[in-house]
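Below is one structure, written out as structure tokens; the observations come after it.
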Amino acid sequence: MPRPRRLVILTEGQFSFHHAKTAFGVIRYGPDPVVAVLDSSIAGRNVSEWLPGRDIPAVATLDEALAMPIAPTALLIGIAPTGGRLPDSWRATILAAIGAGLDVLSGLHTMLGDDPEFAAAARERGVEIVDYRRPPSRMETAVGRPHGPGKRVILTVGTDCGIGKMSVALELRRAALAAGRSASFVPTGQTGMMIEGWGVAVDRVISDFVQGTCEWLVEEGEARGDWVIVEGQGSIDHPAYSSVTVGLIHGTTPHAMVLVHKPGLVEHDFDHLPGCAFPIKPLPEFIAAHEQIAALVAPSRVVAVALNTSLIEDESEARREIERTARETGLPCDDPVRFGPERLWPQIEARVEEIVA
């Protein structure tokens, strides 16, 4: 587990649920206090406008963050852009943070610790650069490891990227613990690792070793709990990221899957060529495809649908969409982030027990 830190989160010009999903995830679920969000485009506002109950000011400059009554000890890169590249305009802010004695925490594909200028500055100042996407040294292929006796493995899957698979997994873990179950969360992406303190960003692993890494992650998860809830990545029909999704399905060999969907999102939301469109398929097709792809290696069933109803402002309308989706799919359905996981978890648990019986 990493040492406790006080965070200032850098999102310059990109503080939104989609582009700054790392920031939102860490603020919502992370163990470390967040002193401020560094983003001049929202300076003077408060994170509570987006996440009620989170009283975190937005500031325009690093100096303002450093002058807070309780100063930060680390700068966290709060964005998750396509390709995971560092914006060139952020270099000066990162160097200033290092110079001020702050550790730098990054989930980008750009390895900040390998940057000669950043590395030299960090050595001179005696601070740490943590690249959460740095792949592990282990290079092992899958061997068909069976799940341990009494273990139940659930993987969150989704109809697109960045729609809440991690959040759903964390909420389900919370509900399982509240119900008295022994449960663990398995982080497979940089934000989950920042929150939980362990894991592997599987989208950075060499493709030959993705399934083997997933087997190891599940083994670790089983050592931490009987109900193992694995964070999903990507989606199986995503033009850019389907490979990591299939690797997770075949590597974790889950007993069950929970499908995450964002009503109102009609096509995959990512940077692509003008004129291209990649529509999101109907949920029954998605469910069947997941079960068919899983069965190529090990049988698994989609046992519930978790909606992200953030595009539906009216609460009553969101609940109607939940009911409509349940009718369409014939599966338990809810929005466990917006309305809590307490209603959905018992139904998931009962269906998983039917599978393993």
Side-chain angles (χ1 to χ4, degrees), residues 2 4-51 54-66 68 71-98 100 102-113 115 118 127-134 161-167 170 187 189-197 199 201 203-204 231 233 269 310:
R5 295 180 170 99
R6 297 186 301 275
L7 307 177
V8 55
I9 300 181
L10 177 60
T11 65
E12 182 57 39
Q14 301 188 48
F15 192 76
S16 68
F17 284 103
H18 182 71
H19 296 291
K21 68 176 185 177
T22 294
F24 279 89
V26 169
I27 291 169
R28 180 179 271 146
Y29 297 109
D32 295 323
V34 179
V35 173
V37 169
L38 177 51
D39 191 325
S40 63
S41 70
I42 58 168
R45 299 172 68 180
N46 195 288
V47 171
S48 60
E49 296 179 38
W50 292 267
L51 295 174
R54 270 72 171 192
D55 182 16
I56 301 168
V59 298
T61 68
L62 180 63
D63 287 341
E64 291 177 70
L66 294 171
M68 300 286 291
T73 61
L75 176 77
L76 185 144
I77 308 301
I79 61 169
T82 299
R85 300 179 184 86
L86 176 71
D88 289 339
S89 60
W90 289 19
R91 293 187 63 87
T93 300
I94 293 171
L95 286 169
I98 293 172
L102 273 61
D103 294 333
V104 177
L105 314 178
S106 172
L108 300 174
H109 279 299
T110 302
M111 295 289 118
L112 302 191
D115 183 286
F118 292 154
V127 301
E128 186 178 9
I129 298 175
V130 181
D131 287 302
Y132 285 91
R133 258 190 169 128
R134 189 176 297 279
C161 300
I163 59 172
K165 292 180 289 292
M166 180 197 74
S167 298
L170 285 166
Q190 67 278 8
T191 307
M193 294 172 67
M194 292 173 181
I195 293 166
E196 202 71 4
D203 64 2
R204 186 72 181 185
E231 171 193 9
Q233 302 291 333
D269 185 10
S310 60

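These figures come from a predicted structure and were not determined experimentally.
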Looking at [atom1] of [X] and [atom2] of [Y], how far apart are the two atoms once the value is rounded to the nearest 0.5 Å?
{"X": "D269", "Y": "I163", "atom1": "CG", "atom2": "CD1", "value": "10.5 Å"}
{"X": "L10", "Y": "L62", "atom1": "CG", "atom2": "CG", "value": "9.0 Å"}
{"X": "L170", "Y": "E196", "atom1": "CG", "atom2": "CD", "value": "6.5 Å"}
{"X": "M193", "Y": "L105", "atom1": "CE", "atom2": "CG", "value": "11.5 Å"}
{"X": "I77", "Y": "L112", "atom1": "CD1", "atom2": "CG", "value": "6.0 Å"}
{"X": "T73", "Y": "L66", "atom1": "OG1", "atom2": "CG", "value": "11.0 Å"}

Qualifying residues under side-chain hydrogen bond (donor to acceptor under 3.5 Å, both in side chains), relative to D55, sequence neighbours excluded:
N46

How about [X] and [Y]: do any of their side-chain heavy atoms sit closer than 4.5 Å?
{"X": "V37", "Y": "I27", "answer": "yes"}
{"X": "P57", "Y": "M68", "answer": "yes"}
{"X": "L102", "Y": "P72", "answer": "yes"}
{"X": "T110", "Y": "D115", "answer": "no"}
{"X": "E12", "Y": "S89", "answer": "no"}
{"X": "I42", "Y": "W50", "answer": "yes"}

What is the minimum heavy-atom distance between [X] and [Y], and which atoms define it?
{"X": "R5", "Y": "A74", "value": "CD-CB, 3.5 Å"}
{"X": "M166", "Y": "E231", "value": "CB-OE2, 3.4 Å"}
{"X": "I94", "Y": "L86", "value": "CD1-CD1, 3.7 Å"}
{"X": "G25", "Y": "T191", "value": "CA-CG2, 4.1 Å"}
{"X": "S41", "Y": "G13", "value": "OG-CA, 3.6 Å"}
{"X": "L108", "Y": "R133", "value": "O-CB, 3.5 Å"}

Take L76 and M194, measure what side chain to side chain contact (heavy atoms under 4.5 Å, CB included) needs, and give me the verdict at the end.
CA-CA 10 Å; L76 185 144; M194 292 173 181; 3.7 Å; yes

cation_pi(R91, F118) dist<6.0 Å, angle<=45:
yes

Look at the side chain of R6 and the backbone N and O of A71, then say whether any donor-acceptor pair between them is shorter than 3.5 Å.
yes

What residue among D103, L7, I9, V8 forms side-chain contact (heavy atoms from CB on, under 4.5 Å) with L75?
V8

